[in-house]
Structure formats: structure tokens, C-alpha cells
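Reviewing the structure listed below.
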Protein chains: 2
Amino acid sequence: MLTMVSKTRPAIRAKVRLEMVEAGARLCRQLGLPRSTGQIYGLLFLAGGPMSLDDIVGMLGISKASASTGTRQLTSWGAIRQVWVPGNRRDYFEVVADLGDLIRGSYENVIKPRLEATQRRLDGLLRALDHDAAEGLLDKDEAMVCAERIKYLARLHRKLQSALPLFEKLI
Amino acid sequence: MLTMVSKTRPAIRAKVRLEMVEAGARLCRQLGLPRSTGQIYGLLFLAGGPMSLDDIVGMLGISKASASTGTRQLTSWGAIRQVWVPGNRRDYFEVVADLGDLIRGSYENVIKPRLEATQRRLDGLLRALDHDAAEGLLDKDEAMVCAERIKYLARLHRKLQSALPLFEKLI
DNA sequence: CCGATCGTTCAAATTGAACTAAACGAATTA
DNA sequence: TAATTCGTTTAGTTCAATTTGAACGATCGG
């Protein structure tokens, strides 16, 4: 049976929500993340209740694929969570109220691993320097300059490593 | 008169410098900046002395255009500086030793303006909310939720604004 | 004044990432 | 079991942004 269905998609009516969606988009963009991910977060942040994938798709006018990957990303970061609506097998999403957890999580999951990677990289630089000095690829003066600069970086990095956890406590 | 010139360009021989160039490239990439800019900084960071544009071009194998814009960017940020080598009208560049100034500058020029923009945006959200409530675009419950969430964001933002300057002192 | 040497600017090309449409798979219902 | 309804995956497109080559302007030396 064929039925004619109106194709007008639901739209965001409230200005606040529009601005919030835009703000989320901008934020994600500045963080180098997909714009659509920020839109989803902005939408859910001021939503009246949980929204399904298709709700999100309809409201934002993005593809289902973007909505799917976006919600998965946000869920993995603990920014939104999946909620089950009784008697409905759709996935519904809502924002996680406490952003503090999100920030703490981003430190653990994003910042900290990156700091450790940098630490390893610094160690690698020192090893490479030894290697180059041994191979005669750097004369003594050059090796001295390199060593000094790298150690300066290491000091700075150590300061960062100790300051960031303290900073987190302030939030 | 025609002379046959060998086309082998000077290359980076020391491993340390190669890794440093790569590290700079990666860092800039993560900050959403051109890769070549990071390469230039990495190269200069472990250089034995000031380098000219053509030195940089030759060592990194990038175009002169990239080198020109990259050095200008880095100079504008105070990350590198121009030095004049007596009896030579070329531009020579070297890194600025103190990275502390660079960090402080980035707070003043990048972070702070962005925080202020966010503040304005938050105010805008509250105005939009009032408007929507007045127009009847949001029922009472929805308006309550929105107001609460936005105020929460504002509190968080205030914390950030007060914590960041303190954090900077630690670096 | 002419040629050469440098640095900058600009349009075009290349690259990389996000987005979409469509196919797919899983789960459910009739 | 066939038909539906969802969510995910993937291949291809689109779009933004870096990169580059080439032209330009400026400055110096002969």
C-alpha cells in the first residue's frame, strides 16, 4: 500500500537551541573535530528529553551516517549517554549532566596519553642525539646546543605534567 | 654561459634534527596549523645557527612560498626572530630561546579573546532564551531545563576564566 | 642603468577530511 | 520465512585549506 507522506522535516524552532547547536559546531571545529558532532551535542544539550537517531537527523538535517558516528564518538567520550525508552527498540540519547566528569575524562583519555607520548618522543630525541654524536654527524658545538635545547624542552614538559593535574582540580 | 649544476639539495643528516622537524610538524598539525610551519620551527630549534630562507627551503624540501609565510607566522607569534648577518642582505632566522614568553603570549592573544567571545555567546544564549519564552516557543518545563543548563555552562566558564591565569603562573 | 638576488603575493593544484548515499547486517514482527 | 525497521559500514563525492609555481616588486652590485 502506498501512502503519500509529507516531506517537511521537523526543524528547530527555538532560537536558544539554534544558537546552542551552532555553538557546539563551532567548538568542535576549533578542536579539530567534526562539525556535525558538535551540532549533535548542542542539540541534545538543550533538548527537552532523549532523542533518537532519526530525531537528530531530522532536526539537524544531517545524514544518518554522520548522526551514527557522531553519537558513537560522543558516547565514547562520556559526553552523551544512551537511554532506553520502554517499548521502543530505537536508541535514544541524552547529554550527561556533569561536565566535570567529562573534563576529568578528557584529561585521562586525551591529555595524559599525549603527554606520555611526548615524554617518549623526548627520550627518543636524546637517544638520536647520542647516536648522531657517536656517528660524527654533529660536531661538538652542535651537539651541545641540541642537548641544551632538548633538556629545556624536557624541563618545560615536566612542568606541564605537574601543573595540569593541579589545574584540573580547579575545575 | 651555461654551467651544469648538480641538483642534489642539502639534506638533514642528523637523526635528532629529522625527528625534531617531524615533531614540530605533528604538533602544528594537532593545533590546526600548517605542517610546514612546524617543520620550520623544528628545524630552527636544533639548528647550529641562524638559517636563511633558502637554507630552510633546501633542508626541508618545501617551496619558498611556504617558507616565507611560515617564517612570517612564526615571527608574528614570537616563536622565531629575524637576525641580520653582517655583510649579507639575506634574512636569517633563529628560534627565540624563551618559550615561556611564547606561552604567555598565546594566552593573551589566543585564549583570552576566545574566552571573552564565549562569554558574549553565553549572554546571547540567555537573551535568546528570554525571547523564546516570551514568544511561546518553549513551554515552561523546557525553558526551565534550558535556563538551568545554560547557567551551569556559565558557572563552568567562570571557573575556567579564573583558573587559567593561575595555571599560567605554574608554567 | 642593467642584471642579479631575495622575499612576497596570488592563482591554481594538490591533499586530506567530513559528509552523503547506498548497501549491508542484525533484530523484530507478521 | 518474508518483510520492516534500525544502526553501521563503506565507497565516492564534496569542500576547505595547505602547498606550490610563477609573476611581481624591491634592493643591491657592477
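Computed from coordinates, the A/Q82 CD to D/dC6 P distance equals 15 Å when rounded to whole Å. For the pair B/K64 NZ and D/dG21 C1', the interatomic distance rounds to 12 Å; values are reported in whole Å. Rounded to whole Å, the distance from CD on A/Q30 to P on D/dA16 is 17 Å. One interatomic measurement links the two molecules: CZ of B/R35 to C1' of D/dT19, which rounds to 10 Å at whole-angstrom precision. One atom, OH of A/Y92, and another, P of D/dG7, lie 9 Å apart when rounded to the nearest Å. At whole-Å resolution of the value, CH2 in A/W84 and C1' in C/dA27 are 15 Å apart. In this structure, the CG atom of B/L53 is 14 Å from the C1' atom of C/dT9, given to the nearest Å. Remark: P of D/dT9 and CD of A/Q73 are 12 Å apart, rounded to the nearest angstrom.
Between A/D132 and B/R13, none of the side-chain N atoms (NZ, or NE/NH1/NH2) sits under 4.0 Å from a carboxylate O, so this pair counts as no salt bridge. A salt bridge does not link B/E22 with B/R17: none of the charged nitrogens is closer than 4.0 Å to a carboxylate oxygen. A salt bridge does not link B/R127 with B/D130: none of the charged nitrogens is closer than 4.0 Å to a carboxylate oxygen.
A/R72 has a side-chain polar atom (N or O) that falls below the 4.0 Å cut-off from OP1 or OP2 of D/dT9. For D/dT20, the OP1/OP2 oxygens have a side-chain nitrogen or oxygen of B/S66 closer than 4.0 Å. Applying the 4.0 Å criterion to OP1 and OP2 of C/dT8, one finds that B/S68 has a side-chain N or O inside that range.
A residue-by-residue look at B/T71 and A/G32 shows that B/T71 has its nearest nucleotide of DNA chain C further toward the 5' end.
When each of C/dG7, D/dG7, C/dT20 is scored by its nearest atom to the side-chain atoms of B/D54, the top-ranked nucleotide is C/dG7. The side chain of A/I62 sits closest to C/dT20 out of D/dG7, C/dC6, C/dT20. Closest approach to the A/S36 side chain among D/dT9, C/dC19, C/dC6 is made by C/dC19 (side chain taken as heavy atoms from C-beta onward). Among C/dT20, D/dT20, D/dT18, the nucleotide with an atom closest to any side-chain atom of B/P34 is D/dT18. When distances are taken from the side chain of A/R29 to each of C/dG7, C/dT20, D/dA16, the shortest belongs to D/dA16.
Contact of A/R89 with D/dT5 (side chain to base): a donor-acceptor pair of N or O atoms is detected under 3.5 Å.
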Next item on the list: Mind running salt bridge (charged side-chain N to carboxylate O under 4.0 Å, His left out) on A/R81 and A/E94 for me, showing each step along the way?
Entry: CA-CA 6 Å; A/R81 78 161 69 90; A/E94 66 180 13; 2.9 Å; yes

Which donor-acceptor pairs under 3.5 Å do side chains of residues 112-122 of chain B form with protein atoms, sequence neighbours excluded?
unit_1 : atom_1 : unit_2 : atom_2 : d
B/T118 : OG1    : B/R114 : O      : 3.0
B/Q119 : OE1    : B/H157 : ND1    : 3.4
B/Q119 : NE2    : B/D123 : OD1    : 3.4

